[in-house]
*Asks:* 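Okay, here's the structure, questions in a sec.
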Amino acid sequence: WEEHFAALKRYKEGEGKGDPNCRGGYVTNDTSPPLNLGTWLSHQRQAKKGKGTGKISDEQIRRLEELGVWWDKPDP
């Protein structure tokens, strides 16, 4: 979890231009091996909703929210 979270912070600071909400198919190019960051973020959203097999703690939710992650896709 921590490795993916750190990659999400780097994404926000770089390619994301201040937005950590990467597209679903986004794969990192600054880690070895590359991380499927978009899939991981999708799994975090599902875990927060109590869906899927993953679990996410209140602390992890707080950290993602502080980073600017949205849980439901915003209206265009």
Side-chain angles (χ1 to χ4, degrees):
W1 197 93
E2 291 298 334
E3 184 178 11
H4 282 83
F5 182 77
L8 191 62
K9 285 175 65 174
R10 289 192 305 275
Y11 173 84
K12 177 183 176 178
E13 295 164 0
E15 287 181 69
K17 298 181 173 102
D19 183 3
N21 298 289
C22 59
R23 62 181 167 75
Y26 181 78
V27 177
T28 62
N29 58 11
D30 66 343
T31 59
S32 181
L35 301 173
N36 293 316
L37 196 57
T39 300
W40 177 81
L41 187 53
S42 176
H43 288 167
Q44 302 313 297
R45 290 180 174 125
Q46 292 301 310
K48 181 181 184 287
K49 295 175 184 176
K51 299 178 181 176
T53 58
K55 301 280 186 204
I56 187 169
S57 70
D58 290 341
E59 173 68 11
Q60 290 168 327
I61 291 169
R62 182 190 64 76
R63 290 174 64 194
L64 288 167
E65 287 176 347
E66 285 179 355
L67 197 61
V69 168
W70 43 257
W71 301 109
D72 296 301
K73 190 169 186 152
D75 294 328

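Count residues from 1 along the sequence.
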*Asks:* Below 4.0 angstrom, N of the basic side chain to O of the carboxylate: do R23 and E15 qualify?
*Replies:* no
*Asks:* Is E59 paired with R62 through a side-chain N to carboxylate O contact shorter than 4.0 Å?
*Replies:* yes
*Asks:* Within the structure provided, determine whether L64 and K48 are in side-chain contact (heavy-atom separation under 4.5 Å).
*Replies:* no
*Asks:* Looking at K9, I'd like to know if its NZ atom is crowded, meaning that more than 12 non-hydrogen atoms belonging to other residues, nucleotides or ligands lie closer than 6.0 Å.
*Replies:* no
*Asks:* Is there a side-chain contact between R45 and N21 in this structure, where contact means two heavy atoms from C-beta onward sitting under 4.5 Å apart?
*Replies:* yes
*Asks:* Please find the pair of heavy atoms, one from L67 and one from K12, that lie closest to each other, and give the distance.
*Replies:* O-NZ, 2.7 Å
*Asks:* How about W40 and L35: do any of their side-chain heavy atoms sit closer than 4.5 Å?
*Replies:* no
*Asks:* I'd like to know if W70 and I56 are part of one continuous hydrophobic network [Ile/Leu/Val/Met/Phe/Trp/Tyr, side-chain heavy atoms within less than 4.5 Å].
*Replies:* no
*Asks:* Identify the heavy atoms of A7 and T28 that sit nearest to each other, and give their distance.
*Replies:* CB-CG2, 4.1 Å
*Asks:* Is any side-chain heavy atom of L41 less than 4.5 Å from a side-chain heavy atom of Y26?
*Replies:* no
*Asks:* Give the minimum heavy-atom separation between A47 and G54, together with the two atoms involved.
*Replies:* CB-O, 3.7 Å
*Asks:* Is it true that, when you exclude E3 itself, more than 12 heavy atoms of the residues, nucleotides or ligands shown sit nearer than 6.0 Å to its CD?
*Replies:* no
*Asks:* So which atom in D19 and which in Y11 form the shortest heavy-atom distance, rounded to 0.1 Å?
*Replies:* O-CE2, 3.4 Å
*Asks:* Indicate if V69 and V27 have the same hydrophobic cluster label, given that clusters are the connected sets of ILVMFWY residues with side-chain heavy-atom separations under 4.5 angstrom.
*Replies:* no
*Asks:* Under 4.5 Å between any side-chain heavy atoms of W1 and Q44, yes or no?
*Replies:* yes
*Asks:* Take D72 and K49, measure what side chain to side chain contact (heavy atoms under 4.5 Å, CB included) needs, and give me the verdict at the end.
*Replies:* CA-CA 10 Å; D72 296 301; K49 295 175 184 176; 3.1 Å; yes
*Asks:* Over all heavy atoms of both residues, which pair between G68 and P20 is shortest? Give the atoms and the distance, please.
*Replies:* C-CG, 3.6 Å
